[in-house]
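Fair warning: this is a prediction, and the values are worked out from it, not measured in the lab. In listed order, ligands and their atoms are each counted from 1. In what follows, residues are counted from 1 in the order of the sequence shown.
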Amino acid sequence: MDIEEFLTGGKLRRITRWGEDVMHAKTRPVTEFDEELHTLIRDMFTTMADSHGVGLAATQVGVDLAVFIYDCPDADDVYHHGIVCNPEVKLPEGDKRNFESTEEGCLSLPGAYQPLARPDKATVSGQDPWGNPVTVEGTGLLARCFQHETDHLNGTVFGDRLSTRLRRKLYAQAEELAHLYPSDWPLTPRATSADG
Ligand code: ZN
């Protein structure tokens with residue numbers, strides 16, 4: 001059982017946007033670790049690679065199931081990839097919790113970034129695509145990714161965690177770049193900036 005089989009050969013799917021219902025509701029737990037789930041995961045990897053993401057939740061391809069994938073560097077710039085079904089995030093407590101404020105973005109609000117403080121370490125536990133338990137520790141961007149994607153599966157987008165002022169800036173930025181992203185992106189590719 002090797003997750004490599006999910007990394008290629010999927011079908012590109014449209015990425016859902018903030019404001020669509022599926023993005024703002026809690027997902028159903030994964031209970032069937034079957035071919036349908038595996039097809040979804042394979043399609044998610046293809047869609048994430050095509051849109052240059054480091055993480056993707058099932059809700060971002062319009063499916064209300066608690067599963068996310070990642071291909072993301074940690075604090076030492078080492079890339080890790082994987083799949084977590086039914087994720088739960090554990091954050092360091094007390095003195096061990098250290099917040100890092102870094103620009104965060106989301107494929108479901110493409111092109112916009114704002115700084116958000118999050119703990120710089122996170123441990124995610126859940127199940128692999130066959131239903132076996134998995135636990136992964138993340139640092140740096142990987143820790144941020146685990147928190148961001150698990151949020152998605154609980155119906156939370158990172159804009160919900162921003163101050164009103166930064167949220168306004170985020171939406172203004174997204175608005176400015178909206179013409180670059182067709183509504184069915186990445187099925188229709190992103191326009192180049194040269195197109196205006
Ligand atoms: Zn996101």
Side-chain angles (χ1 to χ4, degrees), residues 6 10 12-28 30 40-41 43-74 79-89 91 99-120 122 124 126 136 138-163 166-178 180-187 190:
F6 298 112
L12 202 56
R13 298 198 190 193
R14 172 185 176 266
I15 294 180
T16 52
R17 302 291 180 88
W18 292 12
E20 295 181 41
D21 290 346
V22 68
M23 301 294 303
H24 305 282
K26 196 169 163 46
T27 48
R28 292 176 295 125
V30 176
L40 169 66
I41 291 169
D43 291 356
M44 285 169 67
F45 269 106
T46 295
T47 304
M48 180 173 73
D50 190 83
S51 51
H52 306 290
V54 293
L56 194 72
T59 49
Q60 294 183 275
V61 292
V63 177
D64 71 331
L65 259 190
V67 51
F68 77 79
I69 62 165
Y70 59 93
D71 186 1
C72 182
D74 64 16
Y79 272 79
H80 301 265
H81 60 259
I83 301 142
V84 187
C85 303
N86 306 321
E88 275 183 39
V89 163
L91 300 169
F99 284 87
E100 193 173 67
S101 186
T102 309
E103 300 254 299
E104 189 158 322
C106 181
L107 292 174
S108 295
L109 190 74
Y113 296 86
Q114 285 299 324
L116 174 63
R118 291 194 189 259
D120 63 356
V124 66
V136 193
T139 58
L141 187 59
L142 186 60
R144 181 171 296 270
C145 173
F146 289 162
Q147 295 170 71
H148 180 116
E149 302 310 332
T150 303
D151 272 356
H152 270 312
L153 301 175
N154 290 316
T156 299
V157 295
F158 85 90
D160 298 337
R161 296 189 178 275
L162 293 174
S163 66
L166 290 185
R167 187 160 51 238
R168 280 205 194 104
K169 283 178 77 174
L170 183 77
Y171 278 122
Q173 225 180 6
E175 192 64 46
E176 250 171 66
L177 297 172
L180 296 176
Y181 298 93
S183 60
D184 66 346
W185 178 73
L187 296 177
R190 180 190 186 280

Are any of the side-chain nitrogens in Arg14 or Asp184 under 4.0 Å away from the carboxylate oxygens of its partner? no
Here the salt bridge (Lys or Arg N to Asp or Glu O under 4.0 Å) pairs for residues 147-159, sequence neighbours left out, are Arg118-Asp151, Asp151-Arg161
Does some side-chain heavy atom of His81 sit less than 4.5 Å from a side-chain heavy atom of Ile69? no
Hey, which of Gln147, Gln114, Arg144 is the one that makes side chain to side chain contact (heavy atoms under 4.5 Å, CB included) with Glu104? Arg144
Distances under 2.8 Å only: what protein N/O/S atoms are near the Zn ion (ligand 1), ordered by chain and residue? Cys106 SG, His148 NE2, His152 NE2
Arg168: salt bridge (charged side-chain N to carboxylate O under 4.0 Å, His left out) partners, not counting sequence neighbours: none
Determine which pairs satisfy ring pair (Phe, Tyr, Trp, His ring centres under 6.0 Å) with at least one residue from residues 138-162, sequence neighbours left out, and list them in order. Trp18-Phe158, Tyr70-Phe146, His148-His152, His148-Phe158
